[in-house]
Amino acid sequence: MQRRELLRQLSRAAALLAWHRWSAAQVGAQGQAAAPWRAPAEVFTLGVASGEPRHDSVVLWTRLAPRPMQPDGGMPARPVLVRWEVARDSGFRDVVASGERLAVPDSAHSVHVLVNGLTAGREYHYRFEAGGARSPVGRTRTAPDPASHPRRLRAALASCQHYEQGHFTVHRDIARADVDIVLFAGDYIYTSRQPGYARVRTLSQHMPDRRALSDYRVHHASYKLDPDLRAAHAAHPWLLVWDDHDVISDYAGNWAPDIDDAEAFTAIRAAAYQAWFEHLPVSPHRAPVDGALPLYDRFAWGRLADLWLLDTRQFRDTPPCQDTFSPFGRKLLWRCDAAQDEARSPMGLPQEYWLAEGLAGSAAAWKLVLQTTQLSPSPMPGPWGELLYADGWDAFPAARRRLMEAIAQPRVQDVVFLGGDVHRHVAANLRHDPLDPGSPIVASEFVTSSVTSRGLSEWATSHIRRHQPDLLHCRSDQRGYALLDLTPERLLCEFRATPHPVRADARFHVQARYEVLRGRPGPVKA
């Protein structure tokens with residue numbers, strides 16, 4: 001327990017240092033403020049967003065960019081004053097909070113406002129003003145009071161949105177949905193380019209092999225120009241985690257494939273983290289410091305649900321057997337004994353301890369864990385032995401076993417893991433011993449398909465499903481998202497789907513519905 005307390009204090013100290021450095025930069029920028037600035041064109045081209053709702057606060061975001069496809073957004077190389085307002089009504093007749101913030105060049109003139117002192121469990125509207133221009137109005141909400149017992153939480157779970165592989169019609173559906181929050185499980189951008197024959201639509205600018213901060217800024221902006229994505233951000237508050245494509249495909253910690261220069265990759269990762277922060281509704285406390293960003297956190301929805309956000313990239317151990325010949329490529333591990341190393345983890349031991357301790361101490365009816373990929377086993381059997389997905393939990397069996405052991409304790413109940421990455425809708429049992437089909441079921445899992453990104457062939461998916469009875473539902477042939485509906489008695493997951501590739505006029509249907517009953521781990525068909 002002393003070690004866990006030390007690790008927790010170190011994590012808090014790192015976040016506090018990030019906050020102080022970011023605040024110091026803001027204070028310094030205040031002294032640089034010059035004459036009033038007039039917007040040369042529409043300045044809120046990238047929209048508005050909110051996130052990280054707590055019972056008394058929410059984060060508001062925007063970025064000033066009259067010319068969004070330029071690295072500086074077409075902004076002057078000086079601070080610009082931005083005004084913000086929060087109201088109880090969309091007409092802003094009842095304003096409850098307002099203020100000013102300087103948008104500075106070092107943060108691409110992005111604005112992250114942590115609005116405190118709000119009323120728990122209610123809807124708000126917000127807007128920004130800068131250079132004589134006013135932003136679109138966004139809608140957000142605060143979480144219920146921590147001591148309250150809400151009767152419901154509705155959330156949309158989404159992941160993996162390769163711009164070139166389809167339209168963001170999923171976000172149009174989410175924007176219209178009656179949900180309290182959007183949970184995004186990673187791969188907000190893709191830095192890889194689709195072959196011409198497979199493109200549904202084309203980005204006007206692509207990432208070079210040796211990318212810099214300016215490249216990531218333009219790439220994020222190109223995604224944000226999509227009207228459906230902007231609409232989903234403006235309609236609901238978001239909670240996000242990241243995955244590999246937010247930086248570079250298959251990276252782990254300070255390692256990336258095909259980049260032998262560790263210092264060069266460290267600079268790339270720092271640029272990607274900075275741009276991720278600049279373009280998403282995350283707290284100013286998460287401002288990157290020395291190339292690191294404090295991501296993992298815990299949120300509460302009254303006594304109905306606790307929600308953990310996991311970081312499975314920044315502290316991930318390097319993939320094993322990358323220098324060993326495999327006829328199946330580096331994406332699949334074959335006869336790789338090194339993967340069994342007990343010390344290996346996708347999120348680092350301090351984060352493992354933090355999660356286990358938090359689950360054990362939670363008094364919420366539901367414990368939700370948002371992370372990037374599929375936790376339940378999904379090896380692909382073959383005549384020459386099993387193939388393991390090198391980027392998933394199958395490549396970290398010891399860490400998964402430790403996690404299941406923490407959940408199997410008597411006082412830890414009603415745990416549901418939420419993931420993305422694998423581009424398929426999944427409902428699965430999670431067992432005390434993940435590799436023993438006779439072991440007790442201790443938790444449940446729901447994985448969302450992708451917003452646009454292509455999945456495995458249905459032949460490969462059915463082959464996996466036939467050999468894994470705990471995969472109660474598993475389909476890769478359609479894109480979509482998951483709607484979660486929680487009450488004190490049950491959690492209902494509705495998989496919404498549409499054919500691949502996603503068209504601009506796509507319509508969504510219910511692919512399947514599963515529920516988890518309180519006190520009975522494991523999904524059942526609804």
Side-chain angles (χ1 to χ4, degrees), residues 47 49-53 153-163 165-190 220 223-224 226-246 276 279-282 299 307 309-310 312 368-374 416-427 445-455 475-476 478-486 491-503 506-514:
S50 69
E52 303 198 12
L153 166 62
R154 284 175 56 84
L157 173 65
S159 176
C160 301
Q161 49 189 38
H162 197 307
Y163 185 95
Q165 290 191 14
H167 292 271
F168 288 171
T169 324
V170 161
H171 289 300
R172 186 185 312 167
D173 213 53
I174 289 174
R176 297 168 178 168
D178 176 21
V179 297
D180 300 302
I181 197 166
V182 176
L183 307 175
F184 197 83
D187 289 344
Y188 190 91
I189 62 170
Y190 276 69
H220 269 279
Y223 273 58
K224 275 291 199 310
D226 183 277
D228 292 327
L229 179 57
R230 293 200 309 273
H233 274 297
H236 314 291
W238 285 41
L239 286 172
L240 304 102
V241 295
W242 55 28
D243 203 8
D244 58 328
H245 289 288
D246 293 296
W276 190 90
H279 290 85
L280 291 170
V282 295
F299 294 81
L307 176 64
L309 309 186
L310 300 190
T312 62
L368 308 179
V369 183
L370 178 65
Q371 48 91 48
T372 52
T373 191
Q374 183 176 327
V416 179
F417 281 82
L418 308 172
D421 176 53
V422 291
H423 309 168
R424 55 181 176 253
H425 281 322
V426 174
E445 179 177 39
F446 295 112
V447 179
T448 180
S449 185
S450 57
V451 172
T452 59
S453 306
R454 182 186 298 276
R475 280 189 64 177
S476 300
Q478 296 181 327
R479 312 281 63 83
Y481 68 103
L483 273 177
L484 307 173
D485 193 342
L486 285 79
L491 184 158
L492 177 67
C493 176
E494 178 178 290
F495 292 123
R496 296 184 59 76
T498 193
H500 177 85
V502 182
R503 296 165 33 141
R507 294 178 179 270
F508 292 85
H509 64 274
V510 178
Q511 186 186 92
R513 298 168 86 239
Y514 282 80

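Remember, predicted model here, so these are calculated numbers, not experimental data.
- One distance of note links NE2 of H500 with OG of S453; it measures 8.5 Å at 0.5 Å rounding.
- S476 contributes no side-chain N or O that, together with a main-chain N or O of G455, makes up a donor-acceptor pair within less than 3.5 Å.
- Panel note: side chain E494, backbone R496; no donor-acceptor pair is recorded below 3.5 Å.
- Minimum interatomic distance between F508 and G480 (heavy atoms only, all atoms of both residues): CE2-CA, 4.3 Å.
- Of all the heavy atoms in V422 and T373, the pair that sits closest is CG1-OG1, 3.7 Å.
- Going from atom SG of C160 over to atom NE2 of H245 covers 7.0 Å, rounded to the nearest 0.5 Å.
- Contact check for Y188 versus L229: side-chain heavy atoms found under the 4.5 Å cut-off.
- No donor-acceptor pair under 3.5 Å is formed between the side chain of H425 and the backbone N or O of A482.
- Looking only at side-chain heavy atoms (C-beta outward), T452 and Y163 stay at 4.5 Å or farther from each other.
- Note: H423 and Y190 have tilted aromatic rings, judged against thresholds of 30 and 60 degrees for the angle between ring planes.
- Pairing each heavy atom of A175 with each of A235, the nearest pair is O-CB, 3.6 Å.
- Rounding to the nearest 0.5 Å gives a distance of 6.0 Å between CG of L491 and CZ of F446.
- Looking at E445 and V416, their side chains never come closer than 4.5 Å, going by heavy atoms from C-beta outward.
- Although no hydrogens or angles enter the test, the distance criterion places no donor-acceptor pair under 3.5 Å between the side chain of Q511 and the main chain of F495.
- For the atom pair CG (L310) and CZ (F417), the distance works out to 7.0 Å, reported to the nearest 0.5 Å.
- Across all their heavy atoms, G186 and S159 have their closest contact at O-OG, 3.3 Å.
- Under the 4.5 Å side-chain criterion, counting only non-hydrogen atoms from C-beta, R507 is not in contact with T498.
- Side-chain contact between F184 and Q161 is present, with at least one heavy-atom pair separated by less than 4.5 Å.
- To the nearest 0.5 Å, atoms CH2 (W238) and CD1 (I174) are separated by 6.5 Å.
- A side chain to side chain donor-acceptor pair (under 3.5 Å) with T372 is found for one member of D421, T312, D246, D187 and no other, namely T312.
- V179 approaches A155 most closely through the heavy-atom pair CG1-C, 4.1 Å.
- Side-chain polar atoms of R479 and S450 form a donor-acceptor pair below 3.5 angstrom.
- Side-chain contact between T169 and R503 is absent, with no heavy-atom pair separated by less than 4.5 Å.
- Among the candidates T448, L418, L309, the single residue satisfying the side chain to side chain contact (heavy atoms under 4.5 Å, CB included) test with L183 is L418.
- The shortest side-chain heavy-atom distance between L484 and L368 does not fall under the 4.5 Å cut-off.
- Here the side chains of F299 and I181 are not in contact, with every heavy-atom distance at 4.5 Å or above.
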I189 and H220: CA distance, side-chain angles, deciding distance, side-chain contact (heavy atoms from CB on, under 4.5 Å) verdict: CA-CA 7 Å; I189 62 170; H220 269 279; 3.7 Å; yes
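- Between V447 and G420, the closest heavy-atom pair is CG1-O, 3.6 Å.
- The CG atom of L483 sits 5.5 Å away from the CZ atom of R154 when rounded to the nearest 0.5 Å.
- Of the listed residues (H171, H167, R172, H233), just one forms a side chain to side chain donor-acceptor pair (under 3.5 Å) with D228, and that residue is R172.
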